[in-house]
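Keep in mind it's a predicted model, so treat the numbers as computed, not measured. Residue numbering restarts at 1 for every chain, and letters A, B, ... go by the order of the sequence lines.
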Protein chains: 2
Amino acid sequence: MLDKLKAPTPMRIEFSTDEFKVALATSVVVFGFDGENLKILVANKIGQPFEGDSIIPSSIVRIEEDPAYVAKELLTRITGRNDGMLEKLNGFAEPFRNPVGRVVNIAYYCTIRLDETSENNLRKEGYLWVNAHEVPRLAYDHNKILEYAKERLKRRVKGRPIGFNLLPAEFTLNNIQKLYECALGKEFDKRNFRRKLLKSQLLIETERFVRSSERAKRPSRLYMFNEKEYRTLSLKGYDFIYQ
Amino acid sequence: MLDKLKAPTPMRIEFSTDEFKVALATSVVVFGFDGENLKILVANKIGQPFEGDSIIPSSIVRIEEDPAYVAKELLTRITGRNDGMLEKLNGFAEPFRNPVGRVVNIAYYCTIRLDETSENNLRKEGYLWVNAHEVPRLAYDHNKILEYAKERLKRRVKGRPIGFNLLPAEFTLNNIQKLYECALGKEFDKRNFRRKLLKSQLLIETERFVRSSERAKRPSRLYMFNEKEYRTLSLKGYDFIYQ
DNA sequence: ACAAAAGTGTTACACTTACACCCATGT
DNA sequence: ACATGGGTGTAAGTGTAACACTTTTGT
């Protein structure tokens with residue numbers, strides 16, 4: 001009685017057994033870049049619910065598992081590689097996001113490089129790339145998760161370098177500009193973009209050149225990332241807030 | 001069999017009943033500002049586990065409830081008001097964050113104004129304000145959630161206006177500068193700060209003045225927010241990236 | 001008159017933006 | 001020689017940063 005006067009409305013934080021009735025899942029928005037468009041990985045949803053829709057890579061998280069670990073495993077299985085960043089997006093916990101029952105989804109995103117090895121693995125696992133800005137209807141609230149991921153990628157591009165896991169080891173300035181334009185959804189002036197990027201010390205000029213297409217006559221110079229600087233700027237951030 | 005060749009390793013997304021064994025909670029990091037320091041609300045944790053530690057406002061989320069709604073209710077009960085923003089931070093889902101069982105926490109943050117009404121209510125509910133940068137040991141992973149919230153607040157301050165729910169209706173330029181300095185953890189040049197802020201059209205100059213302390217002789221001018229502009233800039237963002 | 005905090009302007013520099021032509025190469 | 005995309009420089013304007021003194025008021 002006296003206690004009640006002192007410690008008023010108690011916080012509702014004492015769990016009873018019938019509150020442990022939620023399930024956990026994780027989904028990963030996997031971004032790629034094919035030189036022209038930003039892509040994400042989807043598979044076809046098999047069986048109900050949402051049969052026929054697409055779905056982003058997802059997995060149950062069992063009662064004893066860490067969602068970050070499960071997401072990492074999922075990603076490794078899909079791409080056949082276990083490098084690359086994996087960043088937490090958010091938890092999605094609306095009551096009816098899954099018609100099967102109450103499921104909370106801890107969502108992640110990552111960027112991976114499109115190459116032969118992972119392409120083969122992806123096909124084997126039943127995934128395919130679709131343009132990140134022309135995505136079909138997705139199962140559950142995955143469209144919402146995707147929108148969230150795209151916003152996060154935008155913010156990321158503005159504040160830290162990007163591309164290390166999206167571009168090939170060597171790439172042209174036009175390649176990386178196109179990547180930035182896709183991610184941010186706007187176009188940049190070639191000269192200004194280059195000046196800004198080169199000033200950042202993020203790129204190393206190579207002595208190699210490629211032709212960007214059959215029609216292009218003059219080859220363009222290849223650059224690679226200055227990995228040390230890339231890492232530094234990834235940590236401390238830099239401004240690409242621009243136009 | 002044929003299907004297996006076509007649709008390879010299936011995604012683990014078929015839930016069985018024994019996967020619905022997780023509980024849901026929500027916590028809210030409540031920021032306030034007393035003119036000198038950024039504050040957060042804590043209460044004393046009653047009973048095991050973490051007896052004696054502090055705790056940020058938290059609640060169970062029952063199986064049918066929406067965490068956003070529960071958080072809003074919690075906040076209303078604590079502060080006695082139901083205005084003010086409430087923004088989702090993230091889901092915290094590490095396996096052992098709660099020793100009682102697997103609990104996923106959907107965390108939010110908000111900013112509220114320190115005034116008489118809410119002060120009385122807070123005392124009644126057993127909460128108190130502590131400096132956001134001198135917080136004692138908190139129960140569960142609440143210190144981690146708090147750090148996350150402080151980072152988010154920083155980002156928020158840099159990209160959108162802040163203060164509408166933290167400062168009194170009328171305040172001095174020194175007040176708002178101090179708030180920004182607390183939130184961002186750095187000091188600004190008075191002249192540059194004022195120029196920048198006044199240019200943004202965010203403030204309206206009043207004809208009223210206050211003395212900031214007994215020792216201060218000259219009174220300083222009071223300003224109020226231009227609510228329309230504040231809302232506009234809250235939506236579209238503006239740059240306060242600075243020094 | 002003095003003490004205390006409020007308030008105010010200028011300058012140098014760096015960055016952003018806008019803009020159009022020549023270059024290197026393959027066909 | 002021509003067609004194609006690659007590559008380059010400059011000038012005007014805007015924003016940032018650093019800096020110190022005058023003003024107003026209460027005691």
Side-chain angles (χ1 to χ4, degrees), chain A residues 35-36 157-159 161 167-168 170-181 184 186-224 233 236-243, chain B residues 35-36 157-161 167-168 170-181 184-224 233 236-243:
Chain A
E36 280 302 313
V157 172
K158 286 179 187 163
L167 295 165
E170 302 194 335
F171 50 88
T172 68
L173 292 176
N174 289 315
N175 291 152
I176 191 171
Q177 179 171 351
K178 190 87 197 192
L179 169 60
Y180 272 66
E181 288 175 342
L184 293 172
K186 51 177 96 160
E187 303 202 333
F188 298 119
D189 178 276
K190 201 162 40 159
R191 282 167 289 192
N192 295 339
F193 182 87
R194 283 163 192 233
R195 189 179 12 254
K196 179 141 191 172
L197 207 55
L198 292 174
K199 182 164 56 65
S200 75
Q201 304 286 308
L202 210 57
L203 300 187
I204 297 168
E205 181 178 303
T206 75
E207 292 308 316
R208 289 172 290 283
F209 296 81
V210 276
R211 285 172 66 195
S212 59
S213 70
E214 286 304 302
R215 307 174 51 184
K217 324 289 186 188
R218 180 175 176 181
S220 39
R221 185 185 288 273
L222 289 166
Y223 290 79
M224 49 198 282
L233 294 180
K236 79 163 203 237
Y238 85 128
D239 276 0
F240 200 83
I241 293 169
Y242 192 42
Q243 274 169 359
Chain B
E36 279 303 312
V157 173
K158 285 180 189 162
R160 346 211 80 122
L167 295 164
E170 303 194 334
F171 50 87
T172 67
L173 291 176
N174 288 315
N175 292 153
I176 191 172
Q177 179 171 349
K178 190 86 196 195
L179 169 60
Y180 271 66
E181 288 175 342
L184 293 172
K186 52 177 93 160
E187 303 201 334
F188 298 119
D189 177 276
K190 200 164 38 158
R191 285 166 288 193
N192 293 339
F193 183 87
R194 283 165 190 232
R195 190 182 8 257
K196 180 142 191 173
L197 206 54
L198 292 173
K199 182 163 55 67
S200 76
Q201 304 287 306
L202 210 56
L203 300 186
I204 297 169
E205 182 177 302
T206 75
E207 291 310 316
R208 289 173 289 283
F209 296 81
V210 277
R211 286 173 64 195
S212 60
S213 70
E214 286 304 303
R215 307 174 50 185
K217 324 290 185 184
R218 179 175 178 180
S220 39
R221 185 185 287 275
L222 288 167
Y223 291 78
M224 50 198 280
L233 294 180
K236 79 163 202 235
Y238 84 127
D239 275 359
F240 200 84
I241 293 168
Y242 193 44
Q243 274 169 359

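Judged by distance alone, the side chain of Arg191(A) and the main-chain N or O of Arg194(A) form no donor-acceptor pair under 3.5 Å.
Rounded to an integer number of Å, the gap from CZ of Phe171(B) to P of dA6(C) is 15 Å. One can place CG of Leu222(B) at 15 Å from C1' of dG7(C), the figure rounded to the nearest angstrom. For the pair Leu197(B) CG and dT16(D) C1', the interatomic distance rounds to 16 Å; values are reported in whole Å. As rounded to whole Å, 12 Å separates atom P of dT24(D) from atom CZ of Arg221(B). In this entry the distance linking CZ of Arg194(B) with P of dT8(C) reads 7 Å, nearest Å. Atom CD1 in Ile176(A) sits roughly 15 Å away from atom P in dG6(D) (whole-Å rounding). Straight-line distance from the CG atom of Leu203(B) to the P atom of dG7(C): 13 Å, rounded to whole Å. Remark: P of dC15(C) and CZ of Phe240(A) are 14 Å apart, rounded to the nearest angstrom.
Mapped onto DNA chain C by nearest heavy atom, Pro219(A) and Ser220(B) fall at different nucleotides, with Ser220(B) at the one closer to the 5' end.
Counting any heavy atom pair closer than 4.0 Å across all strands shown, Arg195(B) reaches a base atom. Among the protein residues, Ser212(B) comes within range of the sugar-phosphate backbone only, with heavy atoms under 4.0 Å from sugar or phosphate atoms but none that close to a base.
When distances run from any side-chain atom of Asn192(A) to the nucleotides dT8(C), dG6(D), dG9(D), the shortest one goes to dG9(D). Listed candidates were dA5(C), dT8(C), dT16(C). Nearest to the side chain of Lys196(A) is dT16(C). Relative to the side chain of Lys217(B), the nucleotides dT27(D), dG7(C), dG7(D) differ in distance, and dT27(D) lies closest. Checking dG26(C), dT27(D), dT16(D) against every side-chain atom of Arg211(A), the shortest atom distance belongs to dG26(C). Distances from the side chain of Asn174(B) to the nucleotides dG7(C), dT8(C), dA17(D) place dG7(C) closest.
Counting atom types as modelled, Lys190(B) pairs a side-chain N or O with a base atom of dG7(C) as donor and acceptor under 3.5 Å. For a distance-only test at 3.5 Å, the side chain of Arg218(B) qualifies as a donor-acceptor partner of the base of dT23(D).
Contact between the side-chain N/O atoms of Arg215(B) and the OP1/OP2 oxygens of dA3(C) is not found at any separation under 4.0 Å.
A 4.5 Å side-chain heavy-atom check between Phe240(A) and Leu233(A) finds every atom pair outside the cut-off. In this structure, the side chains of Tyr223(A) and Leu197(A) stay at 4.5 Å or more apart for every pair of heavy atoms. Counting only heavy atoms from C-beta outward, the side chains of Glu207(B) and Arg221(B) approach each other to under 4.5 Å.
Aromatic rings of Tyr180(B) and Phe193(B) (six-membered ring for Trp) have centroids within the 6.0 Å cut-off, being under it.
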